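Read the structure below first, then the notes.
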Amino acid sequence: MSSAIHVTAAAWNTIRQEVAAGPSRLETGGILLGHDYGDILQVTVAGDPGPNSQRSRDTFLRDRDHAARLAAVAWEADRARWIGDWHTHPNTPPVPSPIDLASYARHLRDPDLDFDHFLSVIIGLDDQRQALVAGWIVTRDAVHPVPVRLGDPQ
Ligand SMILES: [Zn+2]
């Protein structure tokens, strides 16, 4: 089980730009692509939501075709794989909602996806739009909080 999540500056910039651009009461998000080094999960690409994503105050449904294209490009670039999702919540603390957990459980049960854990990065925005970032590693039977660090593994 990974003990830390490292998010590259490039991936973090994508998230920051999406959070800054998004309407304040709607969720936004995208896929996370990167590498699983065992004790460290490295996120090298954070996807933007894509043109066909659906957003509301408490749900975010990503644009699957857009996500698939991002994943294909990242795989060609450095064999990065789909390791999880990021999305915003209009409140804090940034913990997975029941809807989120049901969605992650579907991914973990899907034999085509072959996940044994799924990374969830949630950015909770408080009333002043200050962001609180939390990382979660979700397995079939547990949800573990994991620290999120900006930068490459040492
Ligand atoms: Zn959520």
Side-chain angles (χ1 to χ4, degrees), residues 1-36 40-71 74 80-150:
M1 185 60 57
S2 304
S3 57
I5 299 157
H6 289 263
V7 180
T8 62
W12 187 241
N13 281 339
T14 301
I15 293 174
R16 278 180 28 184
Q17 284 166 13
E18 290 298 327
V19 169
S24 62
R25 305 323 297 182
L26 302 184
E27 291 196 0
T28 186
I31 58 172
L32 295 174
L33 301 156
H35 304 280
D36 187 343
I40 289 172
L41 273 176
Q42 184 193 32
V43 175
T44 54
V45 175
D48 63 299
N52 296 316
S53 61
Q54 296 173 43
R55 305 182 196 188
S56 74
R57 195 179 184 286
D58 58 4
T59 57
F60 169 75
L61 288 174
R62 75 174 166 277
D63 178 339
R64 285 176 173 273
D65 292 341
H66 181 70
R69 282 191 296 274
L70 290 173
R81 294 170 174 274
W82 184 25
I83 56 175
D85 276 352
W86 71 273
H87 69 282
T88 57
H89 278 178
N91 47 37
T92 55
V95 299
S97 69
I99 292 171
D100 295 333
L101 293 173
S103 153
Y104 304 146
R106 278 195 301 277
H107 294 333
L108 289 163
R109 278 197 308 264
D110 186 334
D112 293 336
L113 297 178
D114 199 29
F115 283 118
D116 67 23
H117 52 270
F118 191 83
L119 170 62
S120 167
V121 172
I122 299 179
I123 295 105
L125 301 170
D126 67 16
D127 290 342
Q128 282 78 44
R129 276 188 80 70
Q130 295 295 311
L132 273 179
V133 180
W136 307 89
I137 290 177
V138 184
T139 64
R140 284 174 188 81
D141 43 34
V143 180
H144 306 271
V146 181
V148 178
R149 300 188 183 131
L150 181 58

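None of the values given here were measured: they were computed from a predicted structure. No hydrogens, no waters, no symmetry mates; every other heavy atom, side chains included, goes into these values. One-based numbering, in listed order, for ligands and for the atoms of each.
Without hydrogens or angle criteria, Thr88 side chain to Thr28 main chain gives a donor-acceptor distance under 3.5 Å.
For Ser97 and Asp100, the side-chain atoms include at least one donor-acceptor pair closer than 3.5 Å.
The minimum distance between the Zn ion (ligand 1) and any N, O or S atom of His89 involves atom NE2.
Centred on the Zn ion (ligand 1), the NE2 atom of His87 and the OD2 atom of Asp100 lie at an angle of 100°, reported to 10°.
Within the 2.8 Å limit, Glu27 places no N, O or S atom next to the Zn ion (ligand 1).
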**OP:** Could you give me the CA-CA distance, side-chain angles and deciding distance for Trp12 and Val133, then say whether side chain to side chain contact (heavy atoms under 4.5 Å, CB included) is met?
**Re:** CA-CA 11 Å; Trp12 187 241; Val133 180; 3.4 Å; yes
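The ring pair (Phe, Tyr, Trp, His ring centres under 6.0 Å) search around Trp82 returns His107, Phe115, Phe118, not counting sequence neighbours.
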